[in-house]
Amino acid sequence: MVAFLQMCNLPIRVECRANAEYMSPSGKVPFIHVGNQVVSELGPIVQFVKAKGHSLSDGLDEVQKAEMKAYMELVNNMLLTAELYLQWCDEATVGEITHARYGSPYPWPLNHILAYQKQWEVKRKMKAIGWGNKTLDQVLEDVDQCCQALSQRLGTQHYFFNKQPTELDALVFGHLYTILTTQLTSDELSEKVKNYSNLLAFCRRIEQCYFEDQCKGRLS
Amino acid sequence: MAAPLELSCWGGGWGLPSVHSESLVVMAYAKFSGAPLKVNVIDKTWRGSRGDVPILTTEDNIVSQPAKILNFLRKQKYNADCELSAKQGADTLAYIALLEEKLLPAVLHTFWVENDNYFTVTKPWFASRIPFPLSLILPGRMSRGALNRILLTRGEPPLYHVNEVEAKIYRDAKECLNLLSNRLGTSQFFFGDTPSTLDAYVFGFLAPLYKVHFPKVHLQEHLKQLSNLCRLCDDILNSYFRHGPVAFSSMNRNQ
């Protein structure tokens, strides 16, 4: 999200709030607060930014836009769900990391209750989409497949479509960066991503360009 | 492979070999890749399970869920994607994800949640193929499963009621159909002249929507305006699922 807004050259301030999920109008993070408007989730935020005159995908034709939307769904479907699975359905991670982190802003016993409630919600969702019976290995395999598809699509290009970054680049960067930098009980997930060198290079490039203010001048 | 491959799935109607999307995906893929599949249609007897259909049974394996079944068939060398490039393979995965996220909720809603459709078409059809007393329970359970899936993946607090989500899922589905139509353009199939996994998935999801006669049909109307998608479904039906003993011959389009 931050990557997308920076790619659009919009000045932003990032705030981490404990009750972010409740502040959001749709219950989902991230969300942006502009003047007196609040917009949440990637799709609507992109639309909002577009309505204000900034868009990253204007240069794409219809077929490319279709492809971009399809790949964004793939990333949401596979990577996001896998991240959720690892955070909430893998007992080792849940016990050691997620519960503590999720409940940390709250006093006892609220921290336990909220963490369990979130876990129950996530497990329900997994079951509804058919991931309830997946083992960790199967989830990792799915992530691998997704990374392979992204890697093949990226090939040797700098960004997924032409020379300009689009919403897809921001989304992929966001997920891969999180996977690569978040501490989990095991490194298997980040190892899967590291297998694909062009994806690693892609992340590094975006990190350097947009988060270290080196290539800001390149954006038209 | 000498081992017989048996597929258990829901039966057909309205000109389709099956009215169940996932069963249709597997059947289409098998036709495209030349896998010799023996199709066991679920009927009123108590044989076989009906929970996770479609199910592929071989001598030593039982595989459920379309994605896993297709993987299994590919490992048995029945591959419909051998002519695709790596990028096209990646595109296939992406478009399938798009179908599952954007189109499936609306298809589920049209079949299982929309009251007019469910009570006049879907429930009687499925109930007639399930032995009593399961016929009283199973359709209801499938309907609740569909509703659950829609609400959990699309509903957001405080919009936990299906009415609010309806408009959104149909809008997404129409957009998805438009995107697919744009991508297909004027080609025969999504990747050239031979059908592949993506064609199987698109066919599986679209054909029931296209052919089954529902009282409430706005998504069907939208689909019928996208003539290239309808043409794709009709082509596949005519080439691969002609009634009677259909010997698999690639691209036999002479009628």
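Because only heavy atoms are used, hydrogens play no part in the values below, and waters and symmetry mates are left out as well, while side chains stay in. Computed from a prediction, not measured in an experiment: that's the story for all the values here. Below, read A as the first sequence line, B as the second, and so on, with proteins coming before strands; counting in each chain starts at 1.
The two atoms that bring Ala90(B) and Ala149(A) nearest to each other are CB-O, 3.2 Å, heavy atoms only. Contact between Leu74(A) and Leu93(B) at its shortest, heavy atoms only, is CD1-O, 3.6 Å.
Of the two parts of Gln148(A), neither the backbone nor the side chain holds a non-hydrogen atom closer than 4.5 Å to a non-hydrogen atom of chain B. Proximity to chain A is limited to the side chain of Glu100(B), based on heavy atoms less than 4.5 angstrom apart.
Using a cut-off of 4.0 Å between Lys/Arg side-chain N and Asp/Glu carboxylate O, Lys69(A) and Glu101(B) are scored as not salt-bridged.
Counting heavy atoms from C-beta outward, Gln152(A) and Lys87(B) have side chains that stay 4.5 Å or more apart.
Within a 6.0 Å radius of CZ in Arg141(B), no more than 12 heavy atoms belonging to other residues, nucleotides or ligands are found.
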Quiz item: How far apart are the C-alpha atoms of Tyr95(B) and Glu73(A), what are their side-chain angles, what is the distance that settles it, and do they pass the side chain to side chain contact (heavy atoms under 4.5 Å, CB included) test?
Solution: CA-CA 8 Å; Tyr95(B) 278 103; Glu73(A) 287 308 327; over 6 Å; no
